[in-house]
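These values consider heavy atoms only, across backbone and side chains, with no hydrogens, waters or symmetry-generated copies.
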Amino acid sequence: MDTLETSKSLDKELYSRQLYVLGLPAMRRIQGAKVLLSGLQGLGAEVAKNLVLMGVGSLTLHDPHPTCWSDLAAQFLLSEQDLGRSRAEASQKLLAELNGAVQVCVYTGDITEDLLLDFQVVVLTASRLEEQLRVGTLCHEHGVCFLVADTRGLVGQLFCDFGKNFTVQDPTEAEPLMATIQHISQGSPGILTLREEADAHHFHTGDWVTFSGIEGMVELNGCDPRPLHVREDGTLEIGDTTAFSRYLRGGAVTEVKRAKTVSHEPLDAALLQPRVVAQSPQEVHRARCLHQSFRSLHKFQQLHGRPPKPWDPVDAEMVVDLAQAMGPLKGTEGEPLEEQLDESLVRTVALSSAGGLSPMAAVLGAVAAQEVLKAISGKFMPLDQWLYFDALDCLPEVGDPFPNPEDCAPRRCRYDGQTAVFGADFQEKLSHQHYLLVGAGAVGCELLKGFALMGLGAGGSGGVTVADMDHVELSNLSRQFLFRSQDIHRQKAEVAAEATRRLNADLQVTPLNLQLDPTTEHIFGDDFFSGVDGVCPASELTLAPGVALATTKPPLMQLLKMPPSLSALCGTFPPQPSTPCRWEAPRRLLPTYFLTATSWLLSPPQWAKGEFDDLFCESAKTINSHPHALSSPEGLVKSQKQPLLQTMRGVLTERPQTWRDCVLWALGHWQLRFHYGITQLLRTYPPDKVQEDGTPFWSGPKQYPQPLEFDASQDTHLLYVLAAANLYAQMHRLPGSQDQTALRGLLNLLPLPDPQNMDRIFASELELDSPSGCKQLHEDLKTWSKGPSLEPLTFEKDNDSNFHVDFVVAAASLRAQNYGIPVASHAETKRIVGRIIPAVVTTTAAVAGLVGLELYKVVGGPRPRHAFRHSYLHLAENYFSRWVPKAPDIQKFHHLKWTCWDRLEVPAGQPERTLESLLAHIQELQGLRVTMLLHGSAQLYSAGWSEEKQARHLSRRVTELVKKEPGQRVLVLELGYEGEEYDTNFPRLHYKL
């Protein structure tokens, strides 16, 4: 098999979010890969879209079949104008537009053995079993990774064969564990004690580790990976250290990931002896029944030349008979499995198998594309070997009538693939829905695509409102497929709305360049939400259940992408079935250091970001915004900004005028932060310092630091001064320089700052708190206030040419060296300080598909709680789980019972009732006396008030006590009752105006 030349540069800004997931080596391999995809119905289009956005080198499309009406319900690359055209040829142009770095071509001939040899990965979708077996056998023989993906209605199937000896270079998505060392003993075995006891619980016996930054026992630094054994007391055995030097201090232990080899069976063997991915014995049995269902559907098509008709009971019984006639599957040891076939499951699959659904294509297409990337990159464990996914819970409940064949028959309409499953009446219901989508980012784009294909809001009274105040950036284009390069800097909501209308001209999409927060309550108020059927939050700042949904309580489709980035959690919150489930992400072990002797713990990147903000933003704002603070030493003390201004002035005595002045300041600040400041700290707290309780001061989380010596020949030292000097120049509106050679020469000529100057900068807080101590600082800063205003620098994470990230990376690296802890990489530092959420399109596509499936249930009408599903998926580790939401907790007080979804509704009346009348009405309804009434933080009534104050309030109307927004139709009030416990949360009162 061939790979593409990878000499072309990788656009790190375009792929920035997924680089944090996959890493640069894996991205290089993806960039050089060649993939053949056969089958361009809805599922194939999803796989293709994901691969192109993620930057696979070459994608060859194969599907000579003509486009038909039933394709359009899930195939977003096709339209009514493409009917009759080859699916592959009709899809090629739009796919190529998604990423100019990917070669997207069409192959129109038969798939031959010679053709397969030109690819690393071959994917078949919507293919016949005979073709799967033929191509799968050839791929297995020639070492070509082979995948089969298929969806039938609400059931999906995925098969992977990566060969007999496939090497997984990086089996898990988790970052290698890293923890700081407290002590290492000399012995056999050597015993390592971690600085934080809790960190030991993250290591496991059999893990391999290496070491760095150790003083004394330097033989361990950079050693070959060693296996460790976790002892009962939490210490770690690390092998023989008898001959090593005595441990002094510092250092970190870091997990070393090791490659694994997996072996896959070819399709012909795996059909009879399937290894399925499932989380429980019940799920294994269900997966095997679905396996037999797919086999029987293939057999039906082979016998009759067509798939079963939608909801045809005769065809369905034939499929069940075919499944019963098949021999038993084999277990892991080749033994026949004596399992009862779930005939009801097979029958339901057959009845609903004729359709093609966009949400199912999104979920299976995401998983399939991720498996392709695993095959290309050797990153993350591949599926072993079958995955079955079903959402049959979207169908009517047992006992309720299923759709009838006439209602599901084709109508030569773009929704034929969906009506084949749910019927034309349901399609009409979908078209009249009106939903609010919060966020037009990666998940928002996927949801809009799904809405367009499903026809949500495509009728006369329906529609979708999308709210997002953000703009399109280059890094969005690798995940948000509605955007193109020409859309950069445009409003996301507007671009997404335009692109969605192109997918379905009937969809009514209204863009709002706004965010949902208190400043927009006048827009997203009661009138707005009374016209909304549901809300889909699709941004990092998700909408909490119940927020602003005062009048209608529409269903909430909640989705959360969790760290790590190949995992996601989503759920549906209809008006009463459940409360949100909680997910606690695994703790990441971040190295920390002791900032000051009495201060707090921060990771070096966090500290460095704080340095940037203080030096180049806050100090400039202070001087610009508070000139009165410089009018006298007393005013300077009152401003409480003197330490900040002290470090901003640094070794200079007057405002900088030249590049040389800026370099001199940067060199002085380097000396202050990484040498002199550490020296002063150690004078106050020497190595043998003991605390009042007798424990060593430098113990526990407090890492003993070492001062650094400036050396212009060291790249990190030079980078810090270069970045700091340029930022200082930008802040003072002076020209900077990028000439590192000239800077190194200048630094060799400049003397290191005088220690007396360092003493002046490092003045004690006591000195800075007095006017006499601030006198010199006050005199020096007069020159700053007389010149032009300073330019506050706001940190920008996505511009690598402005020295912002360079400064933080260099500062974090030097601080880590001070404290003897591992240095974070440039990418990792940028991710931490930029608060960048690692993301890949496969995860966002999958979670949007899961939300679409829950949407079917919400739109279909009232459903019991057990019909809904929370879902958790982790594509890197092949974990897929769906479960029924937990019932909301029932709270009790005297005779009252309620859940978090309940509320008390009281009309204001005409004319509006008084507060006294309202309280009496509530007491009559609830049988309890109200002792407290609140609107937000405003107290409208309290039983503890004086009689005079109570009388003043009780005679007034509620709207006279509360500032009502224009158009507001409901006031949300909080109640307190006589005898309540302190932490009782009663249902809120909705006072309807």
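Looking only at distances, no side-chain donor or acceptor of Asp170 sits under 3.5 Å from a matching main-chain atom of Phe380. Lys257 places a side-chain N or O within 3.5 Å of a backbone atom of Thr172 that can act as its donor or acceptor partner. Formation of a donor-acceptor pair under 3.5 Å by the Arg744 side chain with backbone atoms of Ala712 is found in this model. Counting only distance, with no hydrogens or angles, the side chain of Arg733 and the backbone of Ser789 share a donor-acceptor pair below 3.5 Å. Listed for the Thr193 side chain is no donor-acceptor partner under 3.5 Å among the backbone atoms of Gln182.
Residues His717 and Asp711 approach most closely at ND1-N, 3.0 Å, considering heavy atoms. Counting all heavy atoms, side chain and backbone alike, Leu734 lies closest to Cys662 at CD1-SG, 4.0 Å. The nearest pair of heavy atoms linking Tyr728 to Pro656 is CE2-CG, 3.7 Å. Scanning all heavy atoms of the two residues, the minimum distance from Arg258 to Pro225 falls at NH1-CB, 4.2 Å. Across all their heavy atoms, Arg673 and Asn818 have their closest contact at O-OD1, 4.2 Å. The heavy-atom pair separating Ile184 from Leu220 by the smallest distance is CD1-CD1, 3.7 Å.
A donor-acceptor contact under 3.5 angstrom links the side chains of Ser245 and Glu219, judged on distance only. Counting only N and O atoms by type, the side chains of Glu791 and His732 include no donor and acceptor under 3.5 Å apart. Looking only at atom types and distance, the side chain of Tyr15 has a donor-acceptor partner in the side chain of Asn99 under 3.5 Å away. Gln370 and Thr842 are linked by a side-chain donor-acceptor pair at a separation below 3.5 angstrom, with hydrogens and angles left out of the test.
The side chain to side chain donor-acceptor pair (under 3.5 Å) check on Gln491 picks up His471, with sequence neighbours excluded. Remark: Asp207 engages no residue in a side chain to side chain donor-acceptor pair (under 3.5 Å) (not counting sequence neighbours). The side chain to side chain donor-acceptor pair (under 3.5 Å) check on Tyr247 picks up nothing, with sequence neighbours excluded.
Residues Val52 and Phe481 are not in side-chain contact: their nearest non-hydrogen atoms beyond the backbone lie 4.5 Å or more apart. Between Phe795 and Val808, some side-chain heavy-atom pair lies under the 4.5 Å cut-off. Between Phe807 and Asn726, the closest side-chain pair of non-hydrogen atoms is not below 4.5 Å. Between Arg815 and Leu708, the closest side-chain pair of non-hydrogen atoms is not below 4.5 Å.
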Verdict with reasoning, Gln606 to Lys609, per side-chain contact (heavy atoms from CB on, under 4.5 Å): CA-CA 5 Å; Gln606 291 168 325; Lys609 173 60 165 52; 5.8 Å; no

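Within 6.0 Å of atom CE in Met469, 12 or fewer heavy atoms from other residues, nucleotides or ligands are found, so the atom counts as exposed in its surroundings. For Arg660, the CZ atom sits in a loose shell: 12 or fewer heavy atoms of surrounding residues, nucleotides or ligands are nearer than 6.0 Å. Other residues, nucleotides and ligands place no more than 12 heavy atoms under 6.0 Å from the CD atom of Gln738.
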